[in-house]
Q: 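Supplied in structure tokens, the structure appears directly below.
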Amino acid sequence: MAIKHFLQFNDLNRDEFEHVFQRAHWIKNQFKAYQQYWPLQDRTLVMIFEKASTRTRLSFEAGMQQLGGSAIYLNTRDSQLGRGEPVEDAAQVISRMSDIVMIRTFEQEIIERFAANSRVPVINGLTNEYHPCQIMADIFTYIEHRGSIKGKTVAWIGDSNNVCNTWLQAAEVLDFNVHVSTPPGYEVEPERANLYGTDHFEVFADPMDAAEGADLVTTDVWTSMGFEAENEERMRDFADWQVDADMMRVAAKDALFMHCLPAHRGEEVSADVIDGKQSVVWDEAENRLHTQKALMEYLLLGKV
Ligand code: CP
Ligand code: NVA
């Protein structure tokens, strides 16, 4: 089987996601029933982090161990990666000693260069541009709660960041719609989101209009990692882009609320929404584990 990477959401097609979601469901059930499932025995995952993480590290490390393999954590501070070793050289070496690699870094270009020099599959654990593992887990969570996402409307309220770009790509792959509302100056850039067209998203100046009738309302921090210098300015610019109870009221009656976490209550989301009945953020976080286990199984073993 040719090496398959997961660097952007659209690296997998609809059939492949259907397979991964079906496997994630099965793997989750096995895990909940304390059934051992070790298809990746003797396989090694290397995780490279150039930015902080709780969920991504934990879900990949625990996930690989639960599949019978092992995981090694590298960061920029303690490895030669922070001392200017070329990405291409690091990829050659790391991929000769491991079976699969997950990277969290800055520019998408870094992970693309790594993958081009890797002998093993590479997974994007978040870049400035994308966060495909997050949206894979989010859509699996939506399906668990409400069934197919095809034809549904997702409202994205806030920054046109890595998570937003990935929702836009996912809408093209899985055929749903995204209603986006960002403050002026933070608009979606279709080239940065690597979209095929504009059929699957619509832009709204007023966040209330974006949320109206939506099946899922979602948001993320106002300041992503790497953009901390803009924090003060962003606090002012995003003040009207908070998902609160009024906004949830205009969404569909059975609308869900999601947030990739970590969240800032009182900024991008009010406490009553994230801690309220429509919120599925804990399921969403847990499903990072199950969907990424299914993804690693697929990238290493194909359709089992
Ligand atoms: N949602 C997410 O990726 O969380 P971490 O930054 O904690 O990995
Ligand atoms: N957009 C956020 C997501 C964190 C999981 C960031 O990039 O910091």
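Since the model is a prediction, treat every value here as computed from it, not as a measurement. Position 1 is the first residue of the sequence; numbering continues from there. Atoms within a ligand are numbered from 1 in the order they appear, just like the ligands themselves.
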Q: For atom 7 (O) of ligand 2, what is the nearest protein heavy atom, given as residue, atom name and distance?
A: N162 ND2, 2.8 Å
Q: Taking distance alone, with no angle check, do H131 and ligand 2 share an N/O pair under 3.5 Å?
A: no
Q: Give the residue, atom name and distance (to 0.1 Å) of the protein heavy atom nearest atom 4 (C) of ligand 2.
A: L126 CD1, 3.8 Å
Q: At under 4.0 Å between heavy atoms, is it the side chain or the backbone of L261 that contacts ligand 2, or both, or neither?
A: backbone
Q: Counting N and O atoms only, with roles assigned by atom type, does the side chain of T44 sit under 3.5 Å from a partner on the main chain of S70, one being a donor and the other an acceptor?
A: no
Q: Just jot down the ligand 1 atoms closer than 4.0 angstrom to any heavy atom of L261, in number order.
A: 1 (N), 2 (C), 4 (O)
Q: Starting from atom 8 (O) of ligand 2, which protein heavy atom do you reach first, and at what distance in Å?
A: M225 N, 2.8 Å
Q: Just by modelled atom types, is the G226 backbone N or O under 3.5 Å from a matching donor or acceptor in the E228 side chain?
A: yes
Q: Can you find an N/O atom of D220 closer than 3.5 Å to an N/O atom of ligand 2?
A: yes
Q: Has R23 got its NZ or CZ under 6.0 Å from the middle of the six-membered ring of Y298, at an angle within 45 degrees of the ring axis?
A: no
Q: I need the atoms of ligand 1 closer than 4.0 Å to a non-hydrogen atom of H131, numbered in the order shown.
A: 2 (C), 3 (O)
Q: Any heavy atom of K51 closer to ligand 1 than 4.0 angstrom?
A: no
Q: Answer with yes or no whether R288 contacts ligand 1, where contact means a heavy atom under 4.0 Å from a ligand atom.
A: yes
Q: With rounding to the nearest 0.5 angstrom, report the CG to CG distance, L299 to L12.
A: 6.5 Å
Q: State, to 0.1 Å, how close H5 and A115 come at their nearest heavy-atom pair, and which atoms those are.
A: NE2-O, 3.5 Å
Q: Among Ile, Leu, Val, Met, Phe, Trp and Tyr joined by side-chain contacts under 4.5 Å, find the other residues sharing a cluster with M225 and list them by chain and number.
A: L126
Q: Which residue and atom name correspond to the protein heavy atom nearest atom 6 (O) of ligand 1, and how close is it?
A: R104 NH1, 2.8 Å
Q: Which bit of N128 is near ligand 2, meaning a heavy atom under 4.0 Å away: side chain, backbone, both or neither?
A: neither
Q: Looking at D11 and Q8, would you say the former's side chain and the latter's main chain have a donor-acceptor pair under 3.5 Å?
A: yes
Q: Quick one: does T56 get an N or O within less than 3.5 Å of an N or O on ligand 1?
A: yes
Q: Would you check, one step at a time, whether the test side-chain contact (heavy atoms from CB on, under 4.5 Å) holds for Y130 with N194?
A: CA-CA 10 Å; Y130 307 115; N194 194 13; 3.1 Å; yes
Q: Can Q108 and T127 be counted as having a side-chain donor-acceptor contact under 3.5 angstrom?
A: yes
Q: For the 3.5 Å polar cut-off, considering only N or O atoms, please tell me whether R104 and ligand 2 meet it.
A: no
Q: Nearest protein heavy-atom contact for atom 4 (O) of ligand 1: which residue, which atom, what distance?
A: R55 NE, 2.8 Å
Q: Using a 4.0 Å cut-off to any heavy atom of T54, which atoms of ligand 1 qualify?
A: 5 (P), 7 (O), 8 (O)
Q: Does R57 count as lying over the ring of F49, i.e. NZ or CZ under 6.0 Å from the six-ring centre, within 45 degrees of the axis?
A: no
Q: Taking atom 1 (N) of ligand 1 as the point of reference, which of C260, A137, S224 owns the nearest heavy atom?
A: C260
Q: Charged N to carboxylate O below 4.0 Å: is that the case for D237 and R234?
A: no
